[in-house]
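Beneath this line is the structure, given in C-alpha cells, with notes to follow.
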Amino acid sequence: MKLLVTGGAGFIGSNFVHYALKEHPDWEITNLDKLTYAGNLENLKDIQDQPGYHFVKGDIADRKFVDKLLGQGFDVIVNFAAESHVDRSILDASPFIETNIKGTQILLEGARQYKLGRFIQVSTDEVYGSIDSGRFTEESTLSPNSPYSASKTAADLLCRAYFKTHRLPAIITRCTNNLGPYQFPEKLIPLVITNALEDKPVPVYGDGLNIRDWIFVVDHCRALDVVIQKGQPGEIYNIGGDNEKTNLELIRKLLELLDKPQGLIQFVTDRPAHDRRYALDCAKIATELGWKPAFSFEKALSATVDWYLKNESWWRSIKSGEYSKYYKKMYLER
Ligand code: NAD
Ligand code: TYD
C-alpha cells in the first residue's frame, strides 16, 4: 500500500510514520511537509534512510505541487498537515485558513482526480466546542469557538461534501488531546515539563479547571491504523483516551513526577473563548472497528516525561529558536 502522509514532521504525524513503518514494513510512506515552525526533521532522523520511507518538502495549499505529487500514484492520504495551536490562531488566523481549509480542499480535489482509495482527515474533538456534562457523539452539532477549531470544522465539512457530492472515500477522525514524544513545547504538557526543568514559571490559564481528555499518541496512531484498514467511507470516528483531567490536576502531577515545587504554578489571564471541557463518546470505533486505548494515563505520562528528560537537546534547540519570540509575545509581554 502506498500512503501519502501530510504533516509527518510534526508531533502526531512523526509518531504515526514511526508506528506505521514498524507495524507495516510492506507499506510505502511518502511524507509531505512544509516544515513550518512546527515541522522538524529531527523527529524522523532515525528512519530517514529506511527503505519504504520518502520525504518531500512542500505545501498542501500549493495546487500545482500537489497535483504533480499525486500523479505518482497513492492508495491513501492521511492528512495531518495543519496549523494546530489555538493560541497562535488567536494571534493570527490567516495561516489556519490557508493550510487547514484551502490545503485540505486541494488534497481532496487531487484525491478525486487521481481516484485515491481512501482519504483520512485527522480532525479534533475541538470541532464540537465545549460540553459541561455528557459526551459528544459523532452526531453532535459542530460548534467551534476558536479560529483553529473553526478552520478544522470547515475542513471536516469539505470532506463530508466531497463524499456526498463526488463519492470521494473520505473518513474523518476526531481525537482528543494527545500526549507523547516530539510534541512542540508550545502545547501544555511539553511547556510545563520544559519550563519546570528550567525552573521557570508554569503558566495556567484562568482558574486551571478546564478539562481535557488525554490520549497517548501511540493509541491515536493505533486508531488511525484501524481506520485506514477497516473504516467506512463517509464515516466519522471519535477517538479518546477516557482520561479527563483538569489542567491543574495534570500540571500538579507533572511537577510531582519531575520533583519540582508546586510554587512554579503561575495563574495568568485566561485564553479568550477558552473551552471549558472536551469529552467524547468513543463507542462507535470500539464496537464497529474494535479499537480501544491500550495505554493507561499514568504510563503515558511517565513515558512522556522520560522522553523529554532524555531528549533535552531536542527541546532546548526549539526553545532557543523562533519559539522564543512567540513565547515572549505570548507570556512575557502581555
Ligand atoms: P503539529 O503542529 O505538531 O504538526 C503539524 C505539521 O504540519 C508540521 O510538521 C508542519 O510543518 C506541517 N504543516 C503545516 N502546514 C503545512 C502545509 N501547508 N503543508 C504541508 N505541511 C504543513 O500538529 P500535531 O499536533 O501533530 O497535529 C496533527 C494533526 O492532528 C492536526 O491536523 C491537528 O489538527 C490534529 N489533532 C491534534 C491533536 C493534538 O492533541 N495535538 C488532537 C486532535 C487532532
Ligand atoms: P493546549 O495544549 O494548547 O491544547 P488545546 O487548547 O488544543 O486543548 O492546551 C491544553 C489546555 O491547557 C487548555 O485548556 C489551555 C491550557 N493551557 C494553559 O493553562 N497554559 C498554557 O501555557 C497552555 C499552552 C495551555
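Here the structure is a predicted model, which is why all the values come from computation and not from measurement. Atoms within a ligand are numbered from 1 in the order they appear, just like the ligands themselves.
Here T176 has backbone heavy atoms under 4.0 Å from ligand 1, and that is the only part of it that gets that close. When heavy-atom distances to ligand 1 are checked against a 4.0 Å cut-off, P95 has no atom that comes that close, whether in backbone or side chain. At a heavy-atom distance under 4.0 Å, no atom of D275 approaches ligand 2. The proximity of Y148 to ligand 2, defined as any non-hydrogen pair under 4.0 Å, does not occur for either the backbone or the side chain. Here K152 has side-chain heavy atoms under 4.0 Å from ligand 1, and that is the only part of it that gets that close. Residue contacts with ligand 2 for L191 involve side-chain atoms from C-beta outward but no N, CA, C or O (heavy atoms, distance under 4.0 Å).
A side-chain donor from one of D87 and Y205 sits under 3.5 Å from a side-chain acceptor of the other. A donor and an acceptor atom, one from each side chain of W314 and N43, are located under 3.5 Å apart. Checked by atom type, the side-chain pair Y278/R135 shows no donor-acceptor distance below 3.5 Å. A donor atom on one side chain and an acceptor atom on the other are found under 3.5 Å apart for D213 and T176.
Remark: minimum distance from atom 8 (O) of ligand 2 to any protein heavy atom is reached at R212 NE, 2.7 Å. Scanning the protein for heavy atoms near atom 5 (P) of ligand 2, the closest one is E126 OE2, 3.5 Å. For atom 13 (C) of ligand 2, the nearest protein heavy atom (residue, atom name, distance) is H274 NE2, 3.4 Å. In this structure, atom 25 (O) of ligand 1 lies nearest to the protein heavy atom F11 CD2, 3.7 Å. The closest protein non-hydrogen atom to atom 6 (O) of ligand 2 is R271 NH1, 2.5 Å. The protein atom (non-hydrogen) at minimum distance from atom 4 (O) of ligand 2 is N177 ND2, 3.4 Å. The protein atom (non-hydrogen) at minimum distance from atom 25 (C) of ligand 2 is Y205 CE1, 3.6 Å. Nearest protein neighbour of atom 2 (O) of ligand 2, counting heavy atoms only, is L188 N, 2.9 Å. With hydrogens left out, the protein atom closest to atom 20 (N) of ligand 2 is P203 O, 2.8 Å, a heavy atom. Here the protein heavy atom with the shortest distance to atom 20 (C) of ligand 1 is K34 N, 3.2 Å. Nearest protein neighbour of atom 44 (C) of ligand 1, counting heavy atoms only, is S123 O, 3.0 Å. Atom 23 (O) of ligand 1 has S84 OG, 3.2 Å as its closest protein atom, hydrogens excluded (heavy atom only).
By the 6.0 Å contact criterion, CG on D46 is enclosed, its count of non-hydrogen atoms from other residues, nucleotides or ligands being greater than 12. The 12-atom threshold is not exceeded at CZ of R160, counting heavy atoms of other residues, nucleotides or ligands nearer than 6.0 Å. Residue E333 qualifies as enclosed at atom CD: its count of foreign heavy atoms under 6.0 Å is above 12.
Residue-to-ligand polar distances keep Y37 apart from ligand 1: every N/O pair is separated by 3.5 Å or more. Checked against a 3.5 angstrom limit, the closest N/O atoms of D87 and ligand 2 fall outside it. For a threshold of 3.5 Å applied to N or O pairs, the pair formed by Y148 and ligand 1 contains at least one separation below that value. Considering backbone and side-chain N/O atoms, N247 comes within less than 3.5 Å of an N/O atom of ligand 2. Residue-to-ligand polar distances keep A81 apart from ligand 1: every N/O pair is separated by 3.5 Å or more. Residue G10 has at least one nitrogen or oxygen atom sitting less than 3.5 Å from a nitrogen or oxygen atom of ligand 1, judged on distance alone. Taking any N or O of N40, backbone or side chain, none lies under 3.5 Å from an N or O belonging to ligand 1. Close N/O approach between T124 and ligand 1 is not found [any backbone or side-chain N/O within under 3.5 Å]. Considering both main-chain and side-chain atoms, W214 never comes within under 3.5 Å of ligand 2 through any nitrogen or oxygen pair. Of the N or O atoms in E83, none lie within a sub-3.5 Å distance of an N or O in ligand 1. For T36, a nitrogen or oxygen atom sits less than 3.5 Å from a nitrogen or oxygen atom of ligand 1, counting backbone and side chain alike. Of the N or O atoms in G8, none lie within a sub-3.5 Å distance of an N or O in ligand 1. For ligand 1, none of its N or O atoms has an N or O atom of H220 under 3.5 Å away.
Closest of all the heavy-atom pairs between R174 and L280 is O-CD1, 3.3 Å. Nearest approach of F184 to P190, heavy atoms of both residues: O-CG, 3.4 Å. Summarising the geometry of F96 relative to H85, their closest heavy-atom pair is CZ-O, 3.3 Å, with the distance given to 0.1 Å.
Put simply, the side chain of W27 reaches to within 4.5 Å of the side chain of D225, judged on heavy atoms.
Counting the atoms of ligand 1 from 1 in the order shown, those under 4.0 Å from a heavy atom of N177 are 40 (O). The atoms of ligand 1 that sit less than 4.0 Å from any heavy atom of F80 are 28 (C), 29 (C), 31 (C), 32 (O). Within ligand 1, the atoms closer than 4.0 Å to a non-hydrogen atom of T99 are 15 (N), 16 (C), 17 (C), 18 (N), numbered from 1 in the order shown.
A donor-acceptor pair is defined here as one N or O able to donate and one able to accept, closer than 3.5 Å; such a pair exists between the side chain of R118 and the backbone of I228. A donor-acceptor distance shorter than 3.5 angstrom exists from the side chain of W315 to the backbone of Y308, with no hydrogens or angles considered. Side-chain atoms of N15 do not come within 3.5 Å of backbone N or O of G13 as any donor-acceptor pair.
For the side chain to side chain contact (heavy atoms under 4.5 Å, CB included) criterion with L4, the lone passing option out of V56, D75, L32 is L32. Partner Y162 forms a side chain to side chain donor-acceptor pair (under 3.5 Å) with one of Q105, R167, Q121 and no other, that one being Q105. Residue R276 is tested with D132, D270, D207 for a salt bridge (charged side-chain N to carboxylate O under 4.0 Å, His left out); the sole match is D207.
The OH atom of Y182 lies 9.0 Å from the CD atom of E42; values are rounded to the nearest 0.5 Å.
The shell of residues lying under 4.0 angstrom from ligand 1, judged by heavy atoms, excludes S14. Heavy atoms of F184 stay at 4.0 angstrom or farther from ligand 1. Between L35 and ligand 1 there is a heavy-atom distance shorter than 4.0 Å.
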F16 and F80: ring pair (Phe, Tyr, Trp, His ring centres under 6.0 Å), yes or no, with the steps? CA-CA 10 Å; F16 179 79; F80 293 96; 5.4 Å; yes
Run the side-chain hydrogen bond (donor to acceptor under 3.5 Å, both in side chains) check on N177 and K245 step by step: do they pass? CA-CA 11 Å; N177 285 57; K245 307 278 172 228; over 6 Å; no
